[in-house]
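None of these values were measured; they are calculated from a predicted model. Just follow the structure's listing: the first ligand is 1, and inside any ligand the first atom is 1.
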Amino acid sequence: MISDGDWYTESSDELGLGFGLKIRGKLHEERSPFQTIAVYETETFGRLMTIDGLVMLTDRDNFLYHEMMTHPALTAHGNAARVVIIGGGDCGTLREVLKHDHVEHVTQIDIDERVTRVAEQYFPRLTEANDDPRARLAFIDGIAWMREAAADSVDLIIIDSTDPIGPAEGLFNEAFYRECHRVLAHDGLMVQQSESPLVHQQLIADMSAAMQRAGFAATDLLSFPQPCYPTGWWSATLARASARELVAPARDPAFETFYYTADIHRAAFARPAFMRR
Ligand code: AG3
């Protein structure tokens with residue numbers, strides 16, 4: 001919602017907090033068949049995309065989220081060739097996945113084609129890798145896609161969704177995770193954005209429990225800064241289909257990143273004392 005004329009603020013009564021960006025103006029707003037998508041020009045964070053009033057990304061800080069949703073999981077897997085992204089319609093996650101040479105194909109499945117079209121228009125850097133012959137875009141329901149996908153056909157599933165309300169709700173439960181587990185190869189991994197480690201601890205615990213009930217052998221939490229999301233601190237949950245070891249990063253990535261390094265990888269998996277309890 002907008003307040004004071006020239007600020008965009010995402011605030012939560014439930015959490016009692018908000019994050020605001022001074023804006024120069026609204027560039028775009030539309031109601032797609034699924035949700036309301038808006039783009040603003042901010043004073044200091046470049047462009048901002050919101051969906052149903054929630055901040056999805058800004059030019060200035062999306063590298064944090066997109067790098068941490070991809071490089072830790074791809075590195076921990078070691079040689080993922082077949083990757084599926086559920087959600088991620090802005091294509092920022094897709095772009096990072098395609099930086100890995102061992103990836104043979106990536107299928108991005110977002111229910112809302114309009115998010116991708118808006119990203120192409122207003123966030124061209126995020127969609128710049130979409131012509132890569134390894135990339136496939138599908139605009140269908142990710143839950144239905146997963147139900148129909150063949151068993152053992154994917155090495156890494158990345159769930160880049162909005163909060164667990166509205167269209168994304170069905171991506172946060174045991175039934176969906178069970179399908180993901182069936183579709184994954186024996187040594188496969190799944191990673192899902194899992195909200196703020198400071199204020200969503202119950203959700204994080206529930207997600208991890210649901211993943212394990214669905215057949216995943218173990219889960220790990222990684223956290224990273226994300227200034228434009230509630231509390232500025234965000235997490236992803238990494239689940240292993242079987243009891244395999246994760247590959248540790250021996251060196252920095254061979255491609256350009258802005259946040260991810262070998263040291264960041266190790267640090268992201270470290271558990272602060274309060275999270276161990
Ligand atoms: N994924 C959205 C994460 C949730 C943000 N939540 C919020 N602002 N309350 C963003 C998609 C980026 N590819």
Side-chain angles (χ1 to χ4, degrees), residues 1 8-21 32 34-40 42 45-71 73 83-98 106 108-120 122-130 135 137 139 142 157-169 171-172 191-200 203-204 207 222-237 259:
M1 88 208 57
Y8 180 91
T9 305
E10 177 189 324
S11 58
S12 163
D13 285 335
E14 189 195 337
L15 300 174
L17 55 81
F19 175 76
L21 284 168
S32 80
F34 302 98
Q35 50 207 353
T36 298
I37 308 165
V39 179
Y40 300 85
T42 75
F45 271 56
R47 288 179 179 168
L48 158 70
M49 183 196 283
T50 65
I51 291 184
D52 288 344
L54 301 178
V55 173
M56 290 297 113
L57 59 92
T58 77
D59 277 327
R60 189 164 187 182
D61 72 354
N62 80 81
F63 69 95
L64 293 159
Y65 177 90
H66 288 137
E67 291 186 14
M68 296 308 279
M69 284 295 289
T70 53
H71 305 317
V83 179
V84 165
I85 299 165
I86 300 292
D90 54 72
C91 304
T93 293
L94 176 64
R95 181 180 74 163
E96 295 304 315
V97 171
L98 290 165
V106 200
Q108 175 188 290
I109 301 133
D110 196 300
I111 199 166
D112 193 350
E113 178 169 3
R114 289 305 307 158
V115 176
T116 300
R117 301 304 163 221
V118 168
E120 283 169 344
Y122 294 100
F123 298 88
R125 266 172 294 171
L126 297 183
T127 61
E128 70 191 5
N130 287 12
L137 305 188
F139 300 107
I157 297 170
I158 302 173
I159 307 168
D160 177 9
S161 73
T162 55
D163 294 352
I165 43 168
E169 196 177 345
L171 303 176
F172 287 80
V191 64
Q192 180 171 27
Q193 77 88 2
S194 48
E195 309 281 306
S196 167
L198 188 65
V199 295
H200 298 117
L203 173 77
I204 291 169
M207 283 172 65
L222 60 136
S223 74
F224 48 91
Q226 184 55 55
C228 71
Y229 291 168
T231 76
W233 188 17
W234 217 246
S235 74
T237 297
Y259 185 66

Next on the checklist: Any atom of ligand 1 sitting under 4.0 Å from a heavy atom of S161?
Outcome noted: yes

Checklist entry - Are the side chain of D110 and the backbone of G89 linked by a donor-acceptor contact shorter than 3.5 Å? => result yes

Next on the checklist: Strictly distance-based, threshold 3.5 Å: is any side-chain N or O of T50 a donor or acceptor partner for the main-chain N or O of G53?
Outcome noted: no

Checklist entry - Which one holds for M69 and ligand 1: side chain close, backbone close, both close, or neither close, with close meaning a heavy atom under 4.0 Å? => result neither

Checklist entry - Where is the nearest protein heavy atom to atom 12 (C) of ligand 1: which residue, which atom, and how far? => result D90 OD2, 3.1 Å

Checklist entry - Taking N or O atoms only and a 3.5 Å limit, does H66 qualify as a polar contact for ligand 1? => result yes

Next on the checklist: Between ligand 1 and P230, can you find any atom pair, the residue atom being a heavy atom, that is separated by under 4.0 Å?
Outcome noted: yes

Item to check | Any donor-acceptor N or O pair under 3.5 Å, side chains T58, D61 | outcome: yes

Checklist entry - Quick one: which of T237, I159, L222 gives a side-chain contact (heavy atoms from CB on, under 4.5 Å) with S194? => result T237

Next on the checklist: Taking 4.0 Å as the limit for heavy-atom contacts, which would you say applies to S12 with ligand 1: side chain only, backbone only, both, or neither?
Outcome noted: neither

Checklist entry - What is the closest protein heavy atom to atom 6 (N) of ligand 1, and at what distance does it sit? => result D163 OD1, 2.8 Å

Next on the checklist: With rounding to the nearest 0.5 angstrom, report the NE2 to CH2 distance, H200 to W234.
Outcome noted: 5.5 Å

Next on the checklist: Under 4.0 Å between a side-chain nitrogen and a carboxylate oxygen: does that hold for R117 and E120?
Outcome noted: yes

